[in-house]
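For reference, the structure discussed in these notes is given below.
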Amino acid sequence: MSQITVTGGKPLVGRVDIKGAKNLVTKAMVAALLGESPSILRDVPFISDVEIVSRLLQLHGVKIEHSADGVMHLDPSNVASARMIDIDAHAGSSRIPILFCGPLLHRLGEAFIPGLGGCHIGDRPIDYHFEVLRKFGAVIEELENGTRLSAPKGLKGAKISLPYPSVGATEQVLLTATRAQGITELTGAAIEPEIMDLISILQKMGAIISVDTDRVIRIEGVAELNGFDHRALFDRNEAASWACAALATKGEIFVGGARQQEMSMFLNVFRKVGGAFEIQDDGIRFYHPGGDLRPVVLETDVHPGFMTDWQQPLVVALTQAKGLSIIHETVYENRFGFTDALVQMGAQIQIYRECLGGTACRFGQRNFNHSAVISGPTELKAADIRVPDLRGGFSHMVAALAAQGTSVVTNVQLISRGYEHFLQKLTDLGADFTYSE
Ligand code: EPU
């Protein structure tokens, strides 16, 4: 298990450059499976989620080259079934394999999906995915070590309505419907910028997709798709993470590659809290302008709301705001576990089962600890912490960098699932740390 020994209390200052979004790039790689010709994906970060998806694609015969400058070539000319035992070796490593279902059914008529992994931030069921796939005509068999799917009568377009605008289930529909026979109409779709970018990729491949008002997406199935050449949307979760790191450590970070439009909701909150930013052509400079930070009341939501992935790094900055902040998490029922470590470091955070500070959500009355009250400012003290998940782990690192004294943070390899060259970036920002495997 890798660990970082970090001496905090020093502002992070400098520049980081970010690449394509983890939550787009991995799906775009799966989309390449649908094409008859090779694809080129640009700005692909070197993160472990990309490595896992690469290995799974390679097992299915896709040739992949990922050059140092982030250009990935994917050649699906020889797609073939993989051995269950080889696929199963990736069980528990990621959530992306569930999105292989549609493309593999189209290419091979069958699919085997290993047990899923991903961050422990809620139950994260896949019932919507299975429901969607059944509507297209897939037959699903749940096995002890994974899921086997077939499509004896082929995949046919369907009318689908999602009970909640799930990002993954919307992607499942897109990746399955583009080559299904006939028209698919999806209501209750997620419309995150990463989904819009996936739609752009599929359109480049030859798909016919229209996004209507009120979360309705229509897809006209086509018999064949080609490869694509696409530069991935920047990682707005990583950009927001570094922005919060600048605020919490009273520093200044230029995030190269960040763009205003996809982050406008985050920028509003960042400003309300007392952070400052400057939009430039090639990125955004985030900084603490001095003075007290202000508390905020907000709830996380699906796009265009405040993203759940931004919540965790923001909470660290809010421990330094003067007054009471309230955050109501409405996307995941269990995403405040990471605050235990912050409390251990001296933060004053209380977690409630009630829906606080906003509208009632689907987790109210169900015993889920999904609202947080943060009282600040509190001085953070060093502690020994174990990284619990990707965004929570980043937040712990930021807390350790803001805290007085020397902290030991273990299990840090989890952070590399979503943050490329994380240690190098910390070095570039002047962090005082040592790393050991
Ligand atoms: N849900 C169900 N059933 C399903 C699918 C989802 O009940 O079949 C529920 C989930 O339990 C959750 C809610 O719907 O409460 C939203 O889940 P969604 O499907 O939208 O999330 P996801 O596709 O699993 C992606 C990102 C997450 C990000 C969410 C929300 C990837 C690989 N992951 O997850 O990113 O938080 O959308 O925007 O794209 C991260 O990057 O750290 C991360 C967790």
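Every number for a ligand or one of its atoms is a count from 1 in the order of the listing. The structure presented is a predicted model; accordingly, all values stated were derived computationally and were not measured.
Put simply, no part of E238 is less than 4.0 Å from ligand 1, judged by heavy atoms. Contact analysis puts K27 in contact with ligand 1, with a non-hydrogen atom separation below 4.0 angstrom. Under a 4.0 angstrom heavy-atom cut-off, D389 registers as lying outside contact with ligand 1. Within the 4.0 Å heavy-atom cutoff, G418 does not count among the residues contacting ligand 1. The shortest separation from a heavy atom of R417 to ligand 1 is not under 4.0 Å, leaving the residue out of contact.
With sequence neighbours left out, E238 forms a side chain to side chain donor-acceptor pair (under 3.5 Å) with W242, K425. Applying the ring-ring contact (aromatic ring centres under 6.0 Å, His included) rule to H396 yields no partners; only residues at least two apart in sequence or on another chain are considered.
Applying the side chain to side chain contact (heavy atoms under 4.5 Å, CB included) test between C361 and each of R366, E299, E329, H328 identifies H328 as the sole match.
Donor-acceptor pairing under 3.5 Å is recorded for the side chains of Q413 and N411.
Taking the six-membered ring where tryptophan is involved, the planes of Y419 and F422 are tilted, since the angle between them lies from 30° to 60°.
Counting heavy atoms under 4.0 Å from ligand 1, residue Q172 does not touch it at all. Within the 4.0 Å heavy-atom criterion, the part of T308 lying near ligand 1 is the side chain and not the backbone. Contacts between R391 and ligand 1, counted as non-hydrogen atom pairs separated by less than 4.0 Å, involve the side chain only. By the criterion of a heavy-atom distance under 4.0 Å, neither the backbone nor the side chain of F130 is placed next to ligand 1.
Of the candidates Y128, F363, Y332, F394, the one placing a heavy atom closest to atom 29 (C) of ligand 1 is Y332. Residue N23 holds the heavy atom nearest to atom 35 (O) of ligand 1 of all those in I195, V167, N23.
A cation-pi arrangement is not found for R236 relative to F266, the charged atom failing to lie both closer than 6.0 Å to the ring centre and inside a 45° cone about the ring normal.
Here I4 contributes atom CD1 and I415 contributes atom CD1; the two are 6.0 Å apart, rounded to the nearest 0.5 Å.
Considering backbone and side-chain atoms alike, R362 places an N or O below 3.5 Å from some N or O of ligand 1.
Within the listing of ligand 1, atoms 38 (O) sit less than 4.0 angstrom from a heavy atom of M307.
Looking at every heavy atom in both residues, S407 comes nearest to D384 through C-OD1, 4.5 Å.
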